[in-house]
Amino acid sequence: MQKEGLSPNHLKKAKLMFFYTRYPSSNMLKTYFSDVKAAGPCVIRTPEMFVVTPLHSTVKWGYKKMASNDCHPKKEFNRCITSQLIKWFSNFREFYYIQMEKYARQAINDGVTSTEELCITRDCELYRALNMHYNKANDFEVPERFLEVAQITLREFFNAIIAGKDVDPSWKKAIYKVICKLDSEVPEIFRSPNCLQELLHE
DNA sequence: AGAGCCCCTG
DNA sequence: CAGGGGCTCT
């Protein structure tokens, strides 16, 4: 019997999925986490349902109105789950990009001048940091494609910094725009509720 | 309005 | 990772 809400295993699964997709759509997430269920009616603790006093923000009033017109605990639950998954990937990206920038600056400080010198291999420091974060148990075979994307990302940061683009507060936006195009298909196995067992035991 | 993303915090 | 504010786009 699967417990309600997102479990530690779901988190682990999400992290492995990050190796394929950095920017999953909410619809995609819904299909890959369709096994997440609500335990029962009205157990969902969303901000909408907590709002009782209209003494504060108008935004909360809007939520309350929404809840009264459309009070479907199930839908509220799914909405909540989806946004939590979206949040997870947002956090994943944050870590990812922070590592990339750090490593790129470090390379520059170390005297690297050519982007050709920056390669992501399975034994390099950056890869180990990423693997430690998304695949801590190291029981999953990280797809080669991820290494390519990571390398592209690293070089993107490197070139931007070398070109002095980091003086612009929003200089990373351009990089994000490039990276979001590099998502690959997530293997079908991930749709299975028991994908972790299937993935890690082969 | 609502969904998302990012940034900064804790 | 979760919270919360700010900004964008639909």
Side-chain angles (χ1 to χ4, degrees), chain A residues 3-34 36 38 43-105 129-138 140 149-150 152-154 156-157 160-161 165-184 186 190 196:
Chain A
K3 284 193 65 175
E4 71 280 9
L6 290 164
S7 67
N9 275 338
H10 285 121
L11 175 59
K12 183 170 185 174
K13 170 178 171 177
K15 287 186 172 183
L16 296 185
M17 283 175 67
F18 186 77
F19 284 126
Y20 299 92
T21 172
R22 268 61 59 187
Y23 292 85
S25 67
S26 59
N27 280 330
M28 186 191 306
L29 291 175
K30 285 174 185 172
T31 67
Y32 282 92
F33 289 87
S34 57
V36 182
V43 296
I44 320 307
R45 293 151 58 96
T46 65
E48 293 88 331
M49 295 189 162
F50 276 144
V51 178
V52 187
T53 69
L55 302 178
H56 302 303
S57 87
T58 56
V59 177
K60 291 188 174 182
W61 259 116
Y63 279 132
K64 187 171 190 289
K65 183 187 176 204
M66 185 62 193
S68 59
N69 288 342
D70 182 74
C71 190
H72 298 306
K74 205 78 172 183
K75 286 188 178 180
E76 286 301 320
F77 178 81
N78 290 326
R79 200 198 312 267
C80 190
I81 292 301
T82 302
S83 55
Q84 188 180 349
L85 283 167
I86 290 290
K87 178 63 178 179
W88 280 2
F89 278 84
S90 179
N91 283 329
F92 296 165
R93 285 194 296 275
E94 192 163 32
F95 179 84
Y96 178 80
Y97 287 128
I98 286 176
Q99 299 307 308
M100 291 296 166
E101 180 178 1
K102 185 200 300 180
Y103 202 77
R105 291 188 185 285
L130 296 173
N131 189 59
M132 178 66 82
H133 192 72
Y134 309 113
N135 179 32
K136 187 166 318 232
N138 195 35
F140 177 74
V149 174
I152 293 173
T153 309
L154 177 60
E156 205 71 33
F157 267 92
I161 297 172
K165 292 180 180 176
D166 56 335
V167 294
D168 177 358
S170 61
W171 65 289
K172 296 178 186 174
K173 291 290 182 60
I175 298 177
Y176 299 158
K177 199 178 302 179
V178 172
I179 306 308
C180 74
K181 304 293 183 188
L182 305 180
D183 276 10
S184 35
V186 176
F190 282 86
L196 283 182

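In what follows, chains carry the letters A, B, and so on, assigned in the order in which the sequence lines appear, proteins first and then strands, with residues in each chain numbered from 1. Quick caveat: nothing in here was measured; it's all calculated off a predicted structure.
Across all non-hydrogen atoms, the minimal contact from A:L130 to A:Y96 is CD2-CD1, 4.1 Å.
More than 12 heavy atoms of other shown residues, nucleotides or ligands fall within 6.0 angstrom of atom NZ in A:K15.
When rounded to the nearest whole Å, the span between CD1 of A:I179 and P of B:dC6 equals 12 Å. Summarising the geometry, the separation between OH on A:Y96 and P on C:dC1 is reported as 16 Å, rounded to the nearest angstrom. Here the C1' atom of nucleotide B:dC5 and the NZ atom of A:K177 are 14 Å apart, to the nearest Å. Across the protein-nucleic acid pair, A:K75 atom NZ and B:dG2 atom C1' stand 15 Å apart, rounded to whole Å. Put simply, CG on A:N91 is 11 Å from P on B:dC6, counting in whole angstrom units. Atom P of nucleotide C:dC1 and atom CD1 of A:I81 are separated by 15 Å, given to the nearest angstrom. Nucleotide C:dC1 holds its P atom 14 Å from the NZ atom of A:K12, rounded to whole Å. Look at CD on A:Q84: it is 12 Å from C1' on C:dG3, rounded to the nearest Å.
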Checking side-chain contact (heavy atoms from CB on, under 4.5 Å) for the pair A:R105/A:F157: CA distance, chi angles, key distance, verdict? CA-CA 8 Å; A:R105 291 188 185 285; A:F157 267 92; over 6 Å; no
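Note: A:Y23 and A:Y97 have tilted aromatic rings, judged against thresholds of 30 and 60 degrees for the angle between ring planes.
Relative to the six-membered ring of A:F33, A:K13 meets both conditions, a distance below 6.0 Å and an angle of at most 45° to the axis.
With B:dC8, C:dC1, B:dC6 as the candidates, the nucleotide lying closest to the side chain of A:E94 is B:dC8. For A:K172, whose side chain is taken as the heavy atoms from C-beta onward, the closest listed nucleotide among C:dA2, B:dG4, B:dC7 is B:dC7.
In terms of polar N and O atoms assigned as donor or acceptor, the side chain of A:K87 never comes within less than 3.5 Å of the base of B:dG4 in a complementary pairing.
The phosphate of B:dA3 (OP1 or OP2) has a side-chain N or O of A:R79 nearer than 4.0 angstrom. OP1 or OP2 of B:dC7 lies within a sub-4.0 Å distance of a side-chain N or O belonging to A:Y176.
With respect to A:H133, the ring pair (Phe, Tyr, Trp, His ring centres under 6.0 Å) criterion is satisfied by exactly one of A:F18, A:F95, A:F19: A:F95.
Within the nucleic acid shown, A:F92 comes within 4.0 Å of sugar-phosphate atoms alone, with no base atom in reach, counting heavy atoms only.
Atom OG of A:S184 sits about 5.5 Å away from atom CZ of A:R22, to the nearest 0.5 Å.
Interface residues of residues 14-33 of chain A facing DNA chain B, ordered by number: A:Y23, A:S26; criterion, heavy-atom separation under 4.0 Å.
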